[in-house]
Engineer: 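Sharing a structure, written as structure tokens. Questions coming.
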There are 2 protein chains.
Amino acid sequence: MAASKGSGQVTRADVAREAGVSTAVVSYVVNNGPRPVAGETAERVRAAMTALHYQPNLNARALKRGRSQTLGLVVVDSLNPFFTELSLALEQAAAERGHRMLVAESHGDPDIEDQLVRELTGRQVDGLLLVSSFRRHDHGAPFSSDSTPTVFLDSPGPLPGRHTIGPDAAAGARTAVQHLIGVHGRASVGLVIGPGRVATPDPRETGWRRALAEVGIPAGRLVVDDWSNAGGYRAVRRLINDDDQPDGLFISSDVQAVGALRALHEAGVDIARECPIVSFDGTRAGSYTWPALTSARQPVTEMARTALELIERPQLAVGHHSFAVELLVRDSCGCPVHPPVEASAVAQPSTSTPDERPENVI
Amino acid sequence: MAASKGSGQVTRADVAREAGVSTAVVSYVVNNGPRPVAGETAERVRAAMTALHYQPNLNARALKRGRSQTLGLVVVDSLNPFFTELSLALEQAAAERGHRMLVAESHGDPDIEDQLVRELTGRQVDGLLLVSSFRRHDHGAPFSSDSTPTVFLDSPGPLPGRHTIGPDAAAGARTAVQHLIGVHGRASVGLVIGPGRVATPDPRETGWRRALAEVGIPAGRLVVDDWSNAGGYRAVRRLINDDDQPDGLFISSDVQAVGALRALHEAGVDIARECPIVSFDGTRAGSYTWPALTSARQPVTEMARTALELIERPQLAVGHHSFAVELLVRDSCGCPVHPPVEASAVAQPSTSTPDERPENVI
DNA sequence: GTGAAAGCGCTAACAC
DNA sequence: GTGTTAGCGCTTTCAC
């Protein structure tokens, strides 16, 4: 077995020496091209690779090729299940197309976000996925990633000169509130929402107002707190301490809704009867709360696929891609209890529970 | 302004030309060393960098230096809040030490895991963090990352020749079950657990048995299902259909406990009274369920810090680092309801809720 | 204090 | 079908 260099790294030269060929041939074998290699030679090379535990240096390859097969993903908050599910979908869509994902978290800090974008582009990522960016897009300052295909996800609307993807949140919110009013006869529907980012007002607020206006109900209480469990919890506590409590709530994110549920329970509120809630996102996590969240579902898989398409075809015209959301009717709105569908999806040998109805999708 | 190369990439050569210096000087400025640069020259270089929007190619740097300032993290399941919180802690610990994190997900598939490890080492990561690895450590096959410092997290126990980190799960489980028996007078405590990975039996099972044996209660029902919401949900459904239902439950993970709660609620069980549960992990998410999860908390921050220390000092003796867990007493065990502590941590201008008691920590 | 140049590991012409 | 070699962008030794 040929001695490797001092560095400890086995390089293509070691393999070439071991197999008695040139480094080019090793390359041809590794990459299965661009030139043909005789079957027997290829065999020898492969044997040498295994013997030496050769592992190509992908950074060197990226340097040479100018592409890294890696995408950068910047997320605001990985603890939010919606972002987790979206990240997962993005990672899978990337994997399908042979890309790896470099993930970083901005914690909602625009400076960190900027810094991360710089680092990521410096790492030669082939594309940049920004989820729920706090970046100020209006100041026209050049963006260090302008040569890297970039897509903004969870965007409330179009951004000049950018590829953006987002839910049709206004329509989703409207549908959600309509359900509360039309199906459950609510007379006043409050709104819990997070601090605005790019758009003001948030389309979720717009949709809420619209649904109310359409049936002549005045817009009710609006509470703003963090996009987090704690935020939703605090928002509802404040609502509860008030005199004019709404008799229904539209909560702008599942993560807040979980906190809201908690606060409602603590206060002894009978949610289905006294304060039905509908939220936004439609994460799987919402199937397991009590009551399960009726929620406007964002089509994460489709959004992720579109994001990757935009990355791969940067010449595509920039613009906003709006995705329709669908209302996942579960229990928190007061509709009859729906067992989680996912749980029965995987067949379990021991005991099956065939008595489960599928979730209602509007 | 000097014209850049056709590639679109601004390189150090462009900056050097623009500033009228050599590429070496640019390097000295960028890296603040290793040779001194005259103040005025440095200024010129910096000006050129800004003018050209220069962004160093980090891959080239890694290639040259042999280090990338990047760590690889392989997680089984990013939807499990415990892993999410652990990943976040690892990412922050890495950031504190100037490392970025390349995150990948194995979906519990050992082949994918292997593949990811290869890719990551090929990307010159300076260290590898494997969370809840499915890798078979007993077959002695050489591990492609053997030259890369590697730490196994969420490990049930020591692994020959490896740095491992894990909770003292047996002790944690024992404490959890003792609480159910001692404080809440349970006469039979069931166990819900996930499929085993490396160790059999899982230390959680061992701790459960031990606590029971100590007070002369025979080990009760044990149900195995996925480490997921759905798994916990299904496990409890099976339990409920049985004749000999336990009157308390130790659930081996928060993620399963959430599903269990749902199943219990659906079945109309009064959890605090009829079937108190204690779980394992102590994630923040467990503060917002109804009832909030009493759970044995793993010290993720400390574990993450230790992991990074091990990565940075690879010469440290290999061995297992066991971390004590503490029982976070919340509501699901039947103790009086505890509002989430985190929610009051952030001061809210509008309405404060000073009436919250802190969580009990044993 | 500054510059020339070698070389990190790899790819892909181009020569044979 | 195989080998030689230039060069991706960077760091750093060594000369000046």
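Each chain gets a letter, A, B and so on, in the order its sequence line appears, and its residues count up from 1. Not measured: the values here are computed from a predicted model.
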Engineer: Please state how far atom CZ in Arg44(A) lies from atom C1' in dG1(D), giving the value in whole angstrom units.
Structural biologist: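 Between C1' of dG1(D) and CZ of Arg44(A): 12 Å.
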Engineer: Return the minimal non-hydrogen interatomic distance between Val300(A) and Ala89(A), and the atom names on each side.
Structural biologist: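 Scanning both residues, the minimum pair turns out to be O-CB, 4.0 Å.
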Engineer: Any side-chain donor-acceptor pair under 3.5 Å between Arg123(A) and Thr70(B)?
Structural biologist: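 Per modelled atom types, Arg123(A) and Thr70(B) side chains form a pair under 3.5 Å.
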Engineer: Report, as a single string ordered 5' to 3', how protein heavy atoms within less than 4.0 Å touch nucleotides 10-16 of chain C: B base, S sugar-phosphate only, - not at all.
Structural biologist: BBBBBB-
Engineer: So, Ser68(A) side chain and Ala62(A) main chain: donor-acceptor pair closer than 3.5 Å or not?
Structural biologist: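 Answer holds: no.
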Engineer: How long is the straight-line distance from CG of Leu73(B) back to CG of Leu86(B), given to the nearest 0.5 Å?
Structural biologist: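 Going from the CG atom of Leu86(B) to the CG atom of Leu73(B) covers 8.0 Å.
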Engineer: Specify the separation, in whole Å, of atom CG of Asp14(A) and atom C1' of dG9(C).
Structural biologist: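 One finds 11 Å between C1' of dG9(C) and CG of Asp14(A), rounded.
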Engineer: Side-chain donor-acceptor pair under 3.5 Å between Glu85(B) and Gln298(B), yes or no?
Structural biologist: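 Per modelled atom types, Glu85(B) and Gln298(B) side chains form no pair under 3.5 Å.
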